[in-house]
Amino acid sequence: MEFEQLKAACLACTKCGLCATRTNVVFGDGAPNAEVMFIGEGPGQHEDEQGLPFVGRSGQLLDRYLEAIGLSRSSNVFIANIVKCRPPQNRDPLPEEWDACLPWLREQFRLIQPKIVVCLGRIAAQRIIRPDFSVTKEHGQWTRKNGVWFTATLHPAALLRSPSKKPEAFEDYVALREKIREVCSRTYPG
Ligand code: SF4
């Protein structure tokens with residue numbers, strides 16, 4: 001119930017100027033009891049229109065990777081963005097917009113209590129793992145903070161622009177499957 005209350009409050013949020021130009025708040029999508037959480041930077045046009053994270057072509061690619069390792073938003077992962085409303089013309093969020101929105105992600109994290117966090121793309125990795133994180137060089141590497149495992153992989157939109165990088169991205173998902181087997185107890189039944 002607490003999660004639904006958080007969602008309702010977030011959907012009505014007016015804490016920063018992006019509330020004036022959004023179509024929908026993109027709260028996140030998936031299982032509130034997921035052990036694995038994926039985090040992206042913020043919504044784009046399709047996400048804003050549908051109120052869901054990672055839809056459109058890059059979302060379909062993400063869903064295919066998830067399916068390949070036995071994951072899906074309908075059962076065992078939660079997908080969220082750091083900033084919940086789309087900046088106009090897809091500009092970068094302003095510092096005050098990041099700051100205003102981050103508490104929503106912190107609350108999601110507190111309630112979901114994931115064992116694994118996967119950052120999607122450079123911006124999310126630099127905000128969540130380390131400010132100088134190089135997603136090109138360091139994707140697929142793991143760090144443990146406060147008992148939670150963190151990693152990053154290439155953003156699905158970047159893979160659509162550079163399909164030659166898909167095999168190395170897929171290796172990250174294969175490694176994720178291994179990490180899930182190692183540290184999660186409910187994600188893969190049996
Ligand atoms: S971007 Fe975040 S803080 Fe700003 S209005 Fe949307 S939900 Fe609220």
Side-chain angles (χ1 to χ4, degrees), residues 1-63 66 72-74 76-133 135 145-146 148 150-158 160-161:
M1 191 58 193
E2 209 180 340
F3 198 77
E4 287 305 311
Q5 285 166 350
L6 179 74
K7 181 173 180 179
C10 184
L11 293 184
C13 178
T14 56
K15 284 197 294 173
C16 83
L18 294 180
C19 69
T21 48
R22 73 184 179 219
T23 310
N24 287 295
V25 177
V26 181
F27 175 73
D29 189 22
N33 64 347
E35 293 176 299
V36 185
M37 200 168 166
F38 285 79
I39 300 178
E41 173 189 358
Q45 182 189 346
H46 297 294
E47 288 75 18
D48 175 62
E49 286 167 1
Q50 297 183 39
L52 292 168
F54 288 90
V55 290
R57 284 181 64 221
S58 63
Q60 287 162 11
L61 180 60
L62 174 62
D63 285 342
L66 296 181
S72 79
R73 15 180 138 198
S74 61
N76 53 10
V77 299
F78 193 87
I79 305 175
N81 284 308
I82 305 176
V83 170
K84 311 295 192 202
C85 301
R86 180 197 181 208
Q89 280 83 49
N90 285 354
R91 66 159 169 76
D92 289 338
L94 304 172
E96 59 265 32
E97 293 162 351
W98 288 111
D99 292 347
C101 212
L102 199 57
W104 293 119
L105 182 67
R106 284 212 188 94
E107 278 302 290
Q108 289 176 314
F109 189 85
R110 184 181 70 80
L111 292 172
I112 295 171
Q113 296 191 308
K115 295 201 167 91
I116 293 175
V117 171
V118 182
C119 300
L120 292 164
R122 176 179 62 87
I123 303 281
Q126 292 185 340
R127 291 267 157 185
I128 288 171
I129 300 176
R130 228 183 47 242
D132 63 346
F133 192 93
V135 81
K145 283 198 264 185
N146 300 323
V148 179
F150 291 82
T151 190
T153 189
L154 302 166
H155 195 287
L160 291 175
R161 288 192 298 271

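One-based numbering, in listed order, for ligands and for the atoms of each. Sequential numbering from 1 along the given sequence is applied to the chain's residues.
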Nearest-contact summary for [atom] - protein heavy atom, Å:
atom                    : value
atom 6 (Fe) of ligand 1 : Cys85 SG, 2.3 Å
atom 4 (Fe) of ligand 1 : Cys16 SG, 2.4 Å
atom 5 (S) of ligand 1  : Arg22 NH1, 3.5 Å
atom 2 (Fe) of ligand 1 : Cys101 SG, 2.3 Å

Next on the checklist: Working to the nearest 0.5 angstrom, can you tell me the gap between Arg130 CZ and Cys119 SG?
Outcome noted: 11.5 Å

Checklist entry - How many angstroms lie between atom CZ of Phe133 and atom CZ of Arg122, to the nearest 0.5 angstrom? => result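 Taking CZ in Phe133 and CZ in Arg122, the distance rounds to 12.0 Å.
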
Next on the checklist: Is the shortest side-chain heavy-atom distance between Ile123 and Ile82 below 4.5 Å?
Outcome noted: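 No - every pair of side-chain heavy atoms lies 4.5 Å or more apart.
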
Item to check | Plane angle bin for Phe27 and Phe78 - parallel if under 30°, tilted between 30 and 60°, otherwise perpendicular | outcome: perpendicular

Next on the checklist: If we set the cut-off at 4.0 Å for heavy atoms, which region of Glu97 has an atom near ligand 1: side chain, backbone, both, or neither?
Outcome noted: neither

Next on the checklist: One pair to check against side-chain contact (heavy atoms from CB on, under 4.5 Å): Thr153 and Leu120. What are the steps and the verdict?
Outcome noted: CA-CA 5 Å; Thr153 189; Leu120 292 164; 3.7 Å; yes

Checklist entry - Of Glu97, Gln108, Glu47, which meets side-chain hydrogen bond (donor to acceptor under 3.5 Å, both in side chains) against Lys84? => result Gln108

Identify, by atom number and element, the atoms of ligand 1 in contact range of [X], meaning under 4.0 Å from any of its heavy atoms.
X      : result
Cys13  : 3 (S), 5 (S), 7 (S), 8 (Fe)
Ala100 : 3 (S)
Lys84  : 7 (S)

Item to check | Metal check, atom 4 (Fe) of ligand 1 vs Cys19 N/O/S, cut-off below 2.8 Å | outcome: no

Next on the checklist: Any salt bridge linking Glu4 with Lys7? Criterion: basic side-chain nitrogen under 4.0 Å from a carboxylate oxygen.
Outcome noted: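 Not counted as a salt bridge, because no side-chain N and carboxylate O are separated by less than 4.0 Å.
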
